[in-house]
Every structure is written in C-alpha cells, then in structure tokens.
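Everything below concerns the one structure shown next.
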There are 2 protein chains.
Amino acid sequence: MRIGELSTRTQTPMRLLRYYEEQELIESNRLPNGYRDYEEYVVDRVLQVRGLLDVGLPTRIIKQILPCLNTPRTIHMPYVTPDMVATLERERDRMAEKIECLTKNHQAITDYLDAVRRNIRAS
Amino acid sequence: MRIGELSTRTQTPMRLLRYYEEQELIESNRLPNGYRDYEEYVVDRVLQVRGLLDVGLPTRIIKQILPCLNTPRTIHMPYVTPDMVATLERERDRMAEKIECLTKNHQAITDYLDAVRRNIRAS
DNA sequence: ATTGACCTTCACACTAATGTCACCCATCGA
DNA sequence: TCGATGGGTGACATTAGTGTGAAGGTCAAT
C-alpha cells in the first residue's frame, strides 16, 4: 500500500510516516516510480510505535526494543547482546515506574472528580 | 530552603526548578536578597511534577490538574469550572490509555526477556 | 578585603517530535 | 493534453524540556 492509505488507516500524517522511516522505525519498499510501498504489517507497527511514543519513549529506544515486540509473535531471536538485554531491563523497569506513577495520578483524578460530583449533587 | 538544597533533595538541576516556576508549576518566596525561598512541601511537588513530566504529560496540562492533586490531601475545591472538569476527564482517559499501552508493552518485554533467558540456559 | 560557594537573570543552543511550505514528478480521468 | 490528486525531497519553524555559559550580586569564612 502507498503512503496515503497507510496515513488514513493509521490516522497519522504522512510527514510522520516519513519521519518514522528516517528513524528506522518502519520500512518501505519503493515502487518503480519512487513511491513508498508498505506491507500490510506496517499498519500495526505504526500504531505500536505511536503508542510507545505517546507513552513517552523516545524513538531511539523504540528502535532498540522493537525487534523484540514483533507483531507476528514470532519471537525470532536475533543477536541478543548483553547490552541489549540491559537496555531492555532498564526500559522495562522505567515502564513499571511510569505505570505506577500514572496509576496513582489516575486514581487521584478519579477521586477528585468523584468528590466534585458529590459536591455538585449536594448543592 | 533555597534552590540549592531543593535541587539536591529532588535530584533536579536548578535550571529546571526555575523553569518549573516560570511555568507556574511550583512557587517560591523571595528572601530580602532576591534568593528564592521554598517551603517544605515544594519538595514533594517537584517530585510529583517530574513524575508527571516523565510520564509524558506536558507542563500545560500539569499546571491545570495540579490543584486537584494537592499533596496535603486537602481536597480544597477551587472554582471547578465545567471546562476544568472536562479537561480532567480527558486527561484521566488518556492516562488510562497510556497505562494500558505501557502494561502491554511491559508484558511483552518481560516475556521476551524470559524467552531469552530460557534460551541461554538451554544452550 | 578577597576568595569561593551560592544565587540572580539573560541568552543562546540542542534534541525530539511535528507542522508547514515550496518545488517538482507521476498518474489518472476528463 | 490539462488539471487534480498523490508522492518525493528539503528546509525552515515551533514547542517542550533541557543544557550551558556569561556577567554580575550576596554572603560567610579566612
């Protein structure tokens, strides 16, 4: 599929799709005319990348962990350098921290909203 | 306390403490000589702010939701405009999404690491 | 009285993730 | 063949969060 379709299917500006490619987060083949040609799986890939970006991971890290998060859950194990393992462990721990922080604040907001609503109802 | 102490206690560069103040995320009084003078609670506040930043919330949003997340759990209810409630609900939902995304990827990494370790042990 | 640590403001700079615009080529339908 | 539409590259702009350094005050201790 070409970039326009990928863009609408992933709700992502073409500009960003090109950017992600530049950052080596996704890949494309080229049609004879130079147009980008994406394979089907890239759709999921883009969504996953955007999820991770949105969650605060930098492209640099995403690029590193992506091979381990392959959508066709083929845990195909490349050269897993100890270095790589370390990165993964570090990121995993950071994620855990983030989850905790988010959960706490999510709860705080929820509580607050509840209180507000009770307040409104009472007045 | 002055900025140096706050900086070491929160592990945060002074530069950023000033920046947070500029963004109205924290406040300070001034000593007669112009030095910033922080109250004790600011320590927690800074940590909270950094947690939220790290988790991907922009200062703009943090500023808005901060009054509802006061550390001295005095749910002191200011003018809760409907607008404000809307923002809170939106952010809360976004947080939930992020938590989900993070959890999923956290799990994926964990699984992967497990697989790698099994692989190593087997070889 | 000077040094050194701590503080102030101002300002320039960088990176990441995006937006936007300019200019040109390709494709396809009228 | 013309024009709309879709694509390609490149470059400059922007915002957020930081780093860093200049130039200058304050203060405590020597």
Side-chain angles (χ1 to χ4, degrees), chain A residues 1-39 42-43 45-66 87 91 94 97-98 101-102, chain B residues 1-39 42-43 45-66 87 91 94 97-98 101-102:
Chain A
M1 101 197 59
R2 282 171 310 166
I3 202 171
E5 186 181 343
L6 183 60
S7 171
T8 58
R9 283 179 61 184
T10 58
Q11 294 282 69
T12 305
M14 293 186 298
R15 171 71 175 83
L16 292 190
L17 295 174
R18 300 199 188 98
Y19 175 70
Y20 298 155
E21 180 172 334
E22 192 182 304
Q23 302 303 309
E24 298 177 63
L25 302 180
I26 59 177
E27 39 181 44
S28 68
N29 308 310
R30 293 299 178 127
L31 296 171
N33 58 13
Y35 288 13
R36 267 163 260 254
D37 182 29
Y38 299 97
E39 284 167 45
V42 180
V43 175
R45 179 69 148 251
V46 169
L47 295 175
Q48 186 179 28
V49 165
R50 290 184 66 83
L52 290 170
L53 277 177
D54 186 50
V55 122
L57 296 188
T59 51
R60 191 183 74 258
I61 299 294
I62 297 179
K63 179 162 70 174
Q64 283 184 52
I65 67 181
L66 220 39
T87 299
E91 277 323 303
R94 278 179 52 81
E97 281 171 31
K98 288 189 186 194
C101 175
L102 274 170
Chain B
M1 102 195 57
R2 281 172 308 167
I3 202 171
E5 186 181 344
L6 183 60
S7 171
T8 59
R9 284 180 61 184
T10 58
Q11 294 283 67
T12 306
M14 293 187 299
R15 171 71 176 83
L16 290 189
L17 295 174
R18 300 199 187 96
Y19 175 69
Y20 297 155
E21 180 172 332
E22 193 181 304
Q23 302 302 310
E24 299 177 61
L25 301 180
I26 60 177
E27 39 181 44
S28 68
N29 307 311
R30 292 300 178 126
L31 296 171
N33 59 14
Y35 288 13
R36 266 163 260 252
D37 182 30
Y38 299 97
E39 285 167 46
V42 180
V43 174
R45 179 66 149 255
V46 169
L47 295 175
Q48 185 179 29
V49 166
R50 290 182 67 84
L52 291 170
L53 278 176
D54 186 50
V55 122
L57 296 188
T59 51
R60 191 182 74 260
I61 300 293
I62 298 179
K63 180 162 69 173
Q64 283 183 53
I65 67 181
L66 221 38
T87 299
E91 277 325 301
R94 279 178 52 80
E97 281 172 32
K98 288 192 185 190
C101 175
L102 274 170

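Just so you know, these numbers use all the heavy atoms, side chains as well, and skip hydrogens, waters and symmetry mates.
The shortest distance between the side-chain N/O atoms of A:Arg36 and the OP1/OP2 oxygens of D:dG7 is not below 4.0 Å. A close approach under 4.0 Å does not occur between any side-chain nitrogen or oxygen of B:Arg2 and OP1 or OP2 of D:dC27. In this structure, B:Asn33 does not reach the C:dT8 phosphate: none of its side-chain N or O atoms is under 4.0 Å from OP1 or OP2.
Evaluation of the side chain to side chain contact (heavy atoms under 4.5 Å, CB included) rule for B:Met14 yields B:Ile3, B:Ser7, B:Arg18 as partners, not counting sequence neighbours.
Summarising the geometry, the separation between CG on B:Leu53 and C1' on C:dA16 is reported as 15 Å, rounded to the nearest angstrom. Atom CG in A:Asp37 sits roughly 15 Å away from atom C1' in D:dG6 (whole-Å rounding). Rounded to a whole Å, the CD1 atom of B:Ile61 is 11 Å from the P atom of D:dG17. As a whole-Å value, the separation of B:Leu57 CG from D:dA16 P is 14 Å. The CE-C1' distance, from B:Met1 to C:dC6, rounds to 16 Å in whole Å. For the pair B:Glu22 CD and D:dT15 P, the computed distance is 14 Å after rounding to whole Å.
Less than 4.0 Å separates DNA chain D from at least one heavy atom of each of the following residues of residues 3-21 of chain B: B:Pro13, B:Arg15, B:Leu16, B:Tyr19, B:Tyr20.
The residue B:Leu31 sits apart from the nucleic acid: no heavy atom pair falls under 4.0 Å. Within 4.0 Å (heavy atoms only), A:Arg50 reaches no atom of the nucleic acid at all.
Summarising the geometry, atom OG1 belonging to A:Thr87 is positioned 6.5 Å from atom CD1 belonging to A:Ile61; distances are rounded to the nearest 0.5 Å. We find the CG-CD distance between A:Leu66 and A:Gln48 to be 5.5 Å, quoted to the nearest 0.5 Å. Interatomic distance, OG1 of A:Thr10 versus CD of A:Glu5, reported as 10.0 Å (0.5 Å rounding).
Nucleotides of DNA chain D nearest to B:Asp54 and B:Pro32 differ in position, and the one nearer the 5' end is that of B:Asp54.
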_Could you go through B:Arg94 and B:Glu91, starting from their C-alpha distance and side-chain angles, then the distance that decides it, and tell me whether this counts as salt bridge (charged side-chain N to carboxylate O under 4.0 Å, His left out)?_
CA-CA 5 Å; B:Arg94 279 178 52 80; B:Glu91 277 325 301; 3.8 Å; yes

Item to complete: For side-chain contact (heavy atoms from CB on, under 4.5 Å), just list the numbers for B:Thr12 and B:Tyr20, CA-CA rounded to whole Å, side-chain angles, deciding distance to a tenth of an Å, and then say yes or no.
Response: CA-CA 11 Å; B:Thr12 306; B:Tyr20 297 155; 4.1 Å; yes

Requested in this report: Take A:Leu16 and A:Arg50 through the test side-chain contact (heavy atoms from CB on, under 4.5 Å) and record every step on the way to the result.
Outcome: CA-CA 10 Å; A:Leu16 292 190; A:Arg50 290 184 66 83; 3.4 Å; yes

Collect all protein-nucleotide pairs involving nucleotides 23-25 of chain C in which both atoms are nitrogen or oxygen and the distance is under 3.5 Å.
none

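Side chains of B:Leu17 and B:Val42 form no contact here, defined as non-hydrogen atoms less than 4.5 Å apart. Between B:Thr59 and B:Glu24, the closest side-chain pair of non-hydrogen atoms is not below 4.5 Å.
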